[in-house]
Each structure stands twice: as structure tokens, then as C-alpha cells.
Amino acid sequence: MEKREIRVRFAPSPTGPLHIGGVRTALYNFLFAKKHGGSFLLRIEDTDQTRFVPGAEEYIIEAFNWLGIKFDEGVHGGGEYGPYRQSDRKELYKPYAEQLINSGWAYYAFDTPEELENIRKQYELEKKNFQYDCISRLGLKNSLTLNKDEVHQLLQSGTHYVIRFKFPENTEIHVDDLIRGHVQMNSSLLDDKVLFKSDGMPTYHLANVVDDYLMKISHVIRGEEWLPSAPLHVMLYKAFGWEKEMPQFAHLPLLLKPDGNGKLSKRDGDRLGFPVFPLQWIDPRTQDVSSGYREQGYFPEAVINILAFLGWNPGTEQEIFSLDELVNIFSLDRISKSGAKFDVEKAKWFNHQYMMQKSPKEIATLYMPILSEKGFDKVSTEYAEQICALTKERINFVSELWDQTSFFFQAPASYDEQVVKKRWKEGTSSHLQDIVKIIVEKPFDKQILHDDVKAYIEEHQLNIGQIMNCLRLSLVGESKGPDLFEIIMLLGKEETLIRIERAIEVLG
RNA sequence: GCCCCGUUCGUCUAGCUGGCCCAGGACGCCAGGUUUUCAUCCUGGAAAUCAGGGGUUCGAAUCCCCUACGGGGUACCA
């Protein structure tokens, strides 16, 4: 058999912001496509007009832009198989549904939602479950039970109808899944899914299969929640006579809530200490704000890396991978079968790894706006870069920078009492006076200063920790931060002297 | 209820073609070291009787069956 061109798609419905489970699905699709030199497309599945949320589609595109996941074809432009928005393809689906009716694979059903609802309630009272299937359809209002004239008349009179798939009785349906292997279901247990709705739109099932066929999709990589309807999809390909073109399926394990049970949902949001959305989202109706990875200070590369490892691993001990490296090494058969819980701590660690990889310049660029916000809008980029160089190994997020480096911009307003109590002794101020002298008289050089101060401490047989910590206290205000002499160099001679003298004045 | 999928340290997982596994790595945790501080970093440690029970086999985390538990589905939602 000729090798099939690899074409995969990510097909979200614009019912809100995309959550990270969706992002991961898209990522795996992308990696798979690129690994095999194929195409990756973005198709918007907006067949449910009632759930449409304004801004959701734009959000999705912006999110992938931020993450660096690029589509070869899709709603944003590009590709010969458009339109890529199902609402724009609306007219195309009905003939396919009718084709199925003509070939006996589907039928018209005239039962109203209310009627079905009543039947369901009735069944519930008897502790039974209603299903529109090969048994019950015989007692309902559809083109299988009504005679031809009645059907014709109903159709002519404009009565609302849906088109349902007609599952054959007692047939084993086989789904070959690239991740789960062989899955089998009996058709009698399946219900006759609606393919075409009374509002003139197809349901997911129809639109999805028709579009995948038309767009020449070779692999359907999607969440496990679709596994139960995969037999329907397989049967649809068969009913249309598209078996040869049927894509291969790969059903991904779900992303689970880190605490209790259940799949990660949009509502879990900030409750669990990590975002479920790539970007911040403000609900257009309620104005509720849900945080995003971008706004929380995660690097897009880190988010990619984190998501890639939730349900997949390369089988080696390497954990840090760029997108390109992932493309190289990705394979569907290393995807695990069970759901994964998101681990915030590990996510932070990933971000930290990327923080260390970043150049001081990149980090400084991100820091400058924060500095401005704090009122330091005249900081030179060079100064900011030097500070970032000194600090990047100590933080996970850019947002921690201010807490770690504020003393570079403003003198301590107070001195950590714990440290004062522990370190600031009788003779401290006079020793600091001597160090001030050293700073004033000697060349302002890190190494020289370091050596001279050390020599002074040794000469006077002082406790090095005690003196150094007091020096640090007077410059930083507390017992933290990078190398003291680095700090002094960055602060400059004048500022250093001012701060030491002020500490002596305040602490005695 | 019914159908489908899953089940290895707290978490992500290696292990899939049975012996190299009284189960390896990473995060986190604990201890020690480096350091003038905090953090980083380095070293070491605790941490899974491989969900439980039956088989098959000389030998099973790895194959088979059952049970339990978890998850998903069961809409004119996707």
C-alpha cells in the first residue's frame, strides 16, 4: 500500500477558553504531524450554536501563537480544504445525511425533544434507561415505523425532524486504536445517534467524519472521552463507503484533577494552585477571571515541556526538551494509557529549568515592565540584565524577581529583627566603620574588596559569618541574596557606603 | 443501571517480546556537603509486598481469569 500522507487536525469547539487538556491534545497532534512531515490543521467545530462563546476562537488562536504551535491549515488562513469552520460549511452536510437515508444507514425521526424527555422520565420511574436504539426505534415516530406517505407529508409540511444513524442489530464493531489496541463493542448496545439536528446543523459525529474525510485526515488523535463513540464513527465510514480512507484512531488518556477524582475541568481553575488555561480568560458574560499560564509567568517552552510529559515520555532519562527536540523524538506508542494528574511542583521545576537556560537579556526584558510598575521606569537595561544574571538561578518565575532583587533599587526600609538579634553584636558597628574605610580607600573591585575584607576579618580574629551577615543586613535588609561582593559592585561605591552608614546609625 | 477504558513510590513515570527488578529515573520530602546568608547546586536516604485474589510457568510487575477501585460514555453538547 502506498504510504499515506500524514494529515492530522485539532478540532476544538469555541465554547470557551481552551483548557490544557485540549492544548496537550493539540500538541500531540502537532508533534505527530511534524515528526512525519505531515500537515496539522485547525478546524473549528461550532455546530452547536447555543454554546457559542464570543472570543473563544480568537483565544484559541492566540494561545497557540503564544505556545509556538503552528498550524499548516485552518481558520486563520492557509490550506485548500476550507472553509475550516463548520458553521461556514453548513450547507455541505445535509446531502451526506440524506445519502445515508437513501442507502438505509439512517432514518428520519420526528419525535420532539419533549416527547423523548417524557419517555426518559417514564423509564427513570421504572429504574430503567431509555435509549433510542434498534429495539425502541420500532415504537417511535420515525421513517422506519411511519409509512412512506406519512413521512413524505411530515417532511413537506415542514415538521421538525432529525436524522438518526441506524445501527444494525447485534453486530460486533471493531475499533483499532493506536494507543488502546483493539476495542470491540456490540451494536445492539449502542444508541441511534442523531447525525443531523432539527436546526439544520449536523452533530459532531456527522460533521467530524465528513470533514475528516473531505480534509483527508489520516490520524484522529483525540481525548479518551471520544472512545465510546468511536464505533459510531467507524460505522459511519463504512456506511459512506469510505473504509479505505478511514483515519487511524488514537485516544489519549485524560488529564485528571490533582486532588480527588474526575477529569480536569474548566471550573477547577485556580482552586488547585495552577491554571487550567494557557492564557488568562475573562468570561464575557460573568466577567469571571481565570488565570493563565502566560500571566502566571510560565514560559511557553516550559508549558509545552510539562504538557508533553503528562501522558508521554521518551523512555530515556532526559526530561528537558525543546519543541523541535520533541518533534524529533515523539511517538504515539510511548503514550501511556492511564490518566495523569497535574503536579504543580514539577511544573515549577520545569519553569526553573527554562529560567536557567534563558539569557539575562531575555529575562530583563520581561522584568522591565514590572520595574516600571513598581515605579522604577528609569532603570537601565544593562543594570537589569546584570541583576537578572545574578538572580535567575534562584527563581522559578519572573514574578519572583522583585521579591529577590528589590534591594537593588531601594535601600532597606527595615532590618530583619531575627538577623539583627543573632548577628549584630557589641563591636559590629566599629568593624563596619573599618570596612567602610576599606571601601573608601581601596580600588572598587570585587576581588580586591573581597580579599581585603577577608584579611581584615582574619586579622581581627572575627567571626566571618557574623561580620558578613551584618554587612549583608545593612545592604539588603535581610539574610538573603546573591554573593555580597557582587551586590556591592552592582550597588556602586556611593550607595554601598550610604547603606552601611545608615545601618550603623539605626542599629548602633 | 448498562457499555468502554484504565490500575507500578504522594505525583509524573521506566518496565511492554516473562528471569539482568526483593522494581529504575524525575518532582516533592528528609539528611549531609558546598556557600558569608537565603536560594541554587552536589551527595546520600526514606518512599511502590507492582490494586487484591486465583491460575499458567522451573520462574510473572510482565501472560490468562475473577474481583475491587478509578475514570470516561450513556443529549437534537462537543
Side-chain angles (χ1 to χ4, degrees), chain A residues 11-15 45-48 50-51 109 111-113 116-117 120 124 127-132 160-164 175 177 179-181 183-186 189-191 193-199 201-205 207-208 222-231 251 253-254 256 258 260-263 306 309-319 333-334 336-350 352 356 391-395 400 404 416 419 423 450 453-454 457 463-473 476 478-485:
Chain A
S13 70
T15 55
E45 309 220 328
D46 55 349
T47 51
D48 184 0
T50 62
R51 294 209 309 158
D111 321 88
T112 65
L116 292 176
E117 194 46 44
R120 279 206 179 86
E124 251 173 64
K127 297 259 182 217
K128 286 196 288 188
N129 212 273
F130 171 71
Q131 191 166 274
Y132 208 118
H160 276 21
Y161 66 88
V162 299
I163 295 173
R164 287 180 181 272
V175 179
D177 189 278
I179 294 169
R180 309 204 175 251
V183 179
Q184 199 178 95
M185 270 184 250
N186 188 288
L189 271 2
L190 270 13
D191 66 325
K193 279 271 168 329
V194 170
L195 299 177
F196 197 81
K197 300 185 273 188
S198 61
D199 65 356
M201 285 293 252
T203 58
Y204 170 86
H205 306 291
N208 190 262
R222 74 219 312 188
E224 197 189 0
E225 70 267 27
W226 293 108
L227 191 54
S229 47
H251 289 94
L254 266 16
L256 274 16
N261 319 305
K263 75 170 173 175
I306 292 164
F309 269 71
L310 244 32
W312 172 89
N313 77 83
T316 64
E317 282 176 10
Q318 185 182 343
E319 292 197 283
D333 53 29
R334 292 207 63 87
S336 48
K337 294 184 175 75
S338 48
K341 292 178 180 170
F342 189 93
D343 184 349
V344 197
E345 291 306 321
K346 185 117 189 192
K348 289 180 186 167
W349 175 82
F350 269 112
H352 179 241
M356 292 195 289
T391 318
K392 64 172 186 165
E393 288 176 3
R394 319 168 65 83
I395 54 168
E400 293 164 17
Q404 291 297 315
D416 189 317
V419 183
R423 306 282 193 184
H450 172 264
V453 170
K454 258 215 158 127
I457 288 169
N463 177 329
I464 188 161
Q466 193 243 319
I467 291 300
M468 293 296 273
N469 274 299
C470 288
L471 228 192
R472 177 177 293 277
L473 191 66
V476 177
E478 49 192 312
S479 179
K480 68 170 189 189
D483 182 90
L484 234 193
F485 295 96

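In what follows, every chain begins at residue 1, and chains take the letters A, B, ... in the order their sequences are listed. Atoms considered below: every heavy atom in the structure, side chains included; atoms not considered: hydrogens, waters and symmetry mates.
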Considering only nitrogen or oxygen atoms on both sides, find all protein atoms under 3.5 Å from nucleotides 38-42 of chain B and state each distance.
| from | atom 1 | to | atom 2 | distance (Å) |
| --- | --- | --- | --- | --- |
| B/C38 | O4' | A/Ser479 | O | 3.0 |
| B/C38 | O2 | A/Arg394 | NH2 | 2.1 |
| B/C38 | O2 | A/Gly481 | N | 3.1 |
| B/C38 | N3 | A/Arg394 | NH2 | 2.4 |
| B/C38 | N3 | A/Gly481 | O | 3.3 |
| B/A39 | O2' | A/Arg394 | O | 3.4 |
| B/A39 | N3 | A/Arg394 | NH1 | 3.1 |

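With both ends at atom C1', the span from B/A39 to B/C77 equals 49 Å, rounded to whole Å. A distance of about 11 Å separates the C1' atoms of B/C21 and B/A14, rounded to the whole Å. For the C1' atoms, the distance linking B/G18 with B/C63 amounts to 8 Å, nearest Å. The C1' atoms of B/G28 and B/U34 are separated by 22 Å, rounded to the nearest whole Å. One P atom belongs to B/U62, the other to B/G6, and the distance between them is 15 Å to the nearest Å. For the P atom pair drawn from B/G25 and B/C9, the interatomic distance equals 16 Å after rounding to whole Å. Annotation: B/U17 and B/C64 have their P atoms spaced 10 Å apart (nearest Å). B/G52 and B/U7 are spaced 14 Å apart, taking the P atom of each and rounding to whole Å.
Between A/Glu124 atom CD and B/A75 atom C1' the separation is 13 Å, expressed in whole Å. Between A/Lys346 atom NZ and B/G10 atom C1' the separation is 13 Å, expressed in whole Å. As a whole-Å value, the separation of A/Leu310 CG from B/A26 C1' is 13 Å. Rounded to whole angstrom, the span from the CD atom of A/Glu317 across to the P atom of B/C12 amounts to 18 Å. Nucleotide B/U35 holds its C1' atom 10 Å from the CZ atom of A/Arg472, rounded to whole Å. Distance NZ (A/Lys341) to C1' (B/G70): 9 Å, rounded to an integer number of Å. Separating the CD atom of A/Gln318 from the P atom of B/A26 is a distance of 14 Å, rounded to the nearest angstrom. When rounded to the nearest whole Å, the span between NZ of A/Lys193 and P of B/G73 equals 12 Å.
The main-chain N or O of A/Pro253 is never found under 3.5 Å from a side-chain atom of A/Glu224 such that the two would form a donor-acceptor pair. A donor-acceptor pair is defined here as one N or O able to donate and one able to accept, closer than 3.5 Å; no such pair exists between the side chain of A/Lys341 and the backbone of A/Leu256. Side chain of A/His352 to main chain of A/Glu393: a donor-acceptor pair is present (N/O by atom type, distance under 3.5 Å, no hydrogens or angles). Counting only distance, with no hydrogens or angles, the side chain of A/Asn469 and the backbone of A/Gly465 share a donor-acceptor pair below 3.5 Å. Judged by distance alone, with hydrogens and angles left aside, the side-chain atoms of A/Asn313 form a donor-acceptor pair with the main-chain N or O of A/Gly315 at under 3.5 Å. The backbone N or O of A/Gly311 sits less than 3.5 Å from a side-chain atom of A/Ser336, completing a donor-acceptor pair.
Comparing atom distances between the A/Lys454 side chain and each of B/U36, B/C76, B/A78 picks out B/U36 as nearest. Across B/A78, B/U13, B/U74, the shortest atom-to-atom separation from the side chain of A/Asn313 is found for B/U13. Proximity note for A/Leu254 (side chain, C-beta onward) versus B/G71, B/U13, B/C27: the nearest is B/G71. Side-chain atoms of A/Asp343 lie closest to B/U11 of the nucleotides B/A78, B/U11, B/A26.
Under the 4.0 Å criterion applied to side-chain N and carboxylate O atoms, A/Glu319 and A/Lys346 are assigned as salt-bridge partners.
Pairing for B/A51 goes to B/U67, judged as Watson-Crick or G-U wobble with the two contacts each under 3.5 Å. Searching all strands for a Watson-Crick or G-U wobble partner of B/A14 with both distances below 3.5 Å returns nothing. With both pairing distances under 3.5 Å, B/C22 is matched to nothing as a Watson-Crick or G-U wobble pair. Using N1 to N3 plus N6-O4 or O6-N4 for Watson-Crick, or N1-O2 and O6-N3 for G-U wobble, each under 3.5 Å, B/U74 pairs with B/G1. Remark: B/C41 base-pairs with B/G33; criterion is Watson-Crick or G-U wobble with both hydrogen-bond distances under 3.5 Å.
Residue-level contact check: A/Asn463 touches neither bases nor backbone, having no heavy atom under 4.0 Å from any strand. Across all strands shown, A/Ser336 has heavy atoms under 4.0 Å from sugar-phosphate atoms exclusively, and none from any base. Across all strands, A/Tyr204 comes closer than 4.0 Å to base atoms (heavy-atom distances). Using a 4.0 Å heavy-atom distance criterion, A/Thr50 is classed as making no nucleic acid contact. A/Gly223 comes within contact range of no nucleotide atom at all, as no heavy-atom separation falls under 4.0 Å.
Nearer to the 5' terminus of RNA chain B, by closest-nucleotide assignment, is the contact made by A/Phe130 (compared with the other of A/Phe130 and A/Pro202).
Residues A/Lys193 and A/Ser229 have side chains not in contact (no heavy-atom distance under 4.5 Å, counting atoms from C-beta outward). Counting only heavy atoms from C-beta outward, the side chains of A/Ser13 and A/Asp48 never approach each other to under 4.5 Å. Side-chain contact between A/Lys480 and A/Arg394: absent, with no pair of heavy atoms (C-beta onward) separated by less than 4.5 Å.
In terms of phosphate contacts, A/Arg334 brings no side-chain nitrogen or oxygen within less than 4.0 Å of OP1 or OP2 of B/C12. Dashed line: the shortest gap from a side-chain N or O of A/Thr203 to OP1 or OP2 of B/C77 is not under 4.0 Å. Listed pair A/Arg164 / B/C76 meets the phosphate criterion, a side-chain N or O lying under 4.0 Å from OP1 or OP2.
Taking the six-membered ring where tryptophan is involved, the planes of A/Phe350 and A/Phe309 are tilted, since the angle between them lies from 30° to 60°.
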Side chain to side chain contact (heavy atoms under 4.5 Å, CB included) assessment of A/Ile457 paired with A/Met468: CA-CA 9 Å; A/Ile457 288 169; A/Met468 293 296 273; 4.3 Å; yes
In the 5'-to-3' direction, what one-character label does each nucleotide of nucleotides 1-9 of chain B receive under the scheme B = base within less than 4.0 Å of a protein heavy atom, S = sugar-phosphate only, - = no such atom? B-SSSSS--
